[in-house]
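Written out below as structure tokens is the structure these notes cover.
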Amino acid sequence: MRTRPRCIGLWLSDAEHEHLMRQCAATGLNANAHIRKLIMGENLRPRPPDTYAALLRELSAIGNNVNQLAHQANARGEATREEIRAASDLVQKAWRLVREAV
């Protein structure tokens with residue numbers, strides 16, 4: 001059986017409304033969605049900064065490159081200095097990206 005949406009009225013003080021709007025901005029939800037999730041007992045967290053998506057893509061690419069270098073070294077039974085240096089450079093780049101994002 002499908003239920004109909006119900007509408008309720010809600011009066012907020014200026015302070016309560018401002019607080020709700022700050023919470024909505026932090027979570028990236030509109031007021032309706034925010035209140036629904038709170039009513040259902042969901043643990044709301046702040047939306048991660050937009051830079052995190054770019055950071056995750058970059059870290060994934062770095063991880064793939066390091067994995068390819070390791071695979072080549074394992075196939076030969078050794079790693080060249082250039083491969084080790086390249087892997088080290090990629091790890092250092094990852095650390096720089098993480099530090100910049102935090």
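Computed over heavy atoms, backbone and side chain alike; hydrogens, waters and symmetry mates excluded.
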Stepwise side-chain contact (heavy atoms from CB on, under 4.5 Å) check, Thr27 with His34
CA-CA 8 Å; Thr27 61; His34 187 83; 3.5 Å; yes
Checking one residue: Leu38. Which other hydrophobic residues are in its cluster under the side-chain 4.5 Å linking rule?
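Direct or chained contacts put Leu38 with Leu29, Leu44.
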Mind checking what makes side-chain contact (heavy atoms from CB on, under 4.5 Å) contact with [X], not counting sequence neighbours?
X     : result
Pro49 : Thr51, Tyr52
Ile8  : none
Trp95 : Val91, Arg99
Asn30 : Asn32, Ala33

Using a 3.5 Å cut-off and no angle test, enumerate the donor-acceptor pairs between side-chain atoms of residues 15-24 and protein atoms at least two apart in sequence or in another chain.
unit_1 : atom_1 : unit_2 : atom_2 : d
Glu16  : OE1    : Ser13  : N      : 2.8
Glu16  : OE1    : Ser13  : OG     : 3.4

Do any pairs count as a salt bridge (Lys or Arg N to Asp or Glu O under 4.0 Å) and have a residue in residues 69-92, sequence neighbours left out, and if so which ones?
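Sorted result for residues 69-92: Arg76-Glu83.
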Would you mind listing every salt bridge (Lys or Arg N to Asp or Glu O under 4.0 Å) that reaches into residues 27-41, with sequence neighbours excluded?
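The answer is Lys37-Glu42.
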Side chains of residues 55-72: which donor-acceptor pairs under 3.5 Å do they make with residues two or more places apart or in other chains?
unit_1 : atom_1 : unit_2 : atom_2 : d
Glu58  : OE2    : Lys93  : NZ     : 2.8
Asn64  : ND2    : Ser60  : O      : 3.4

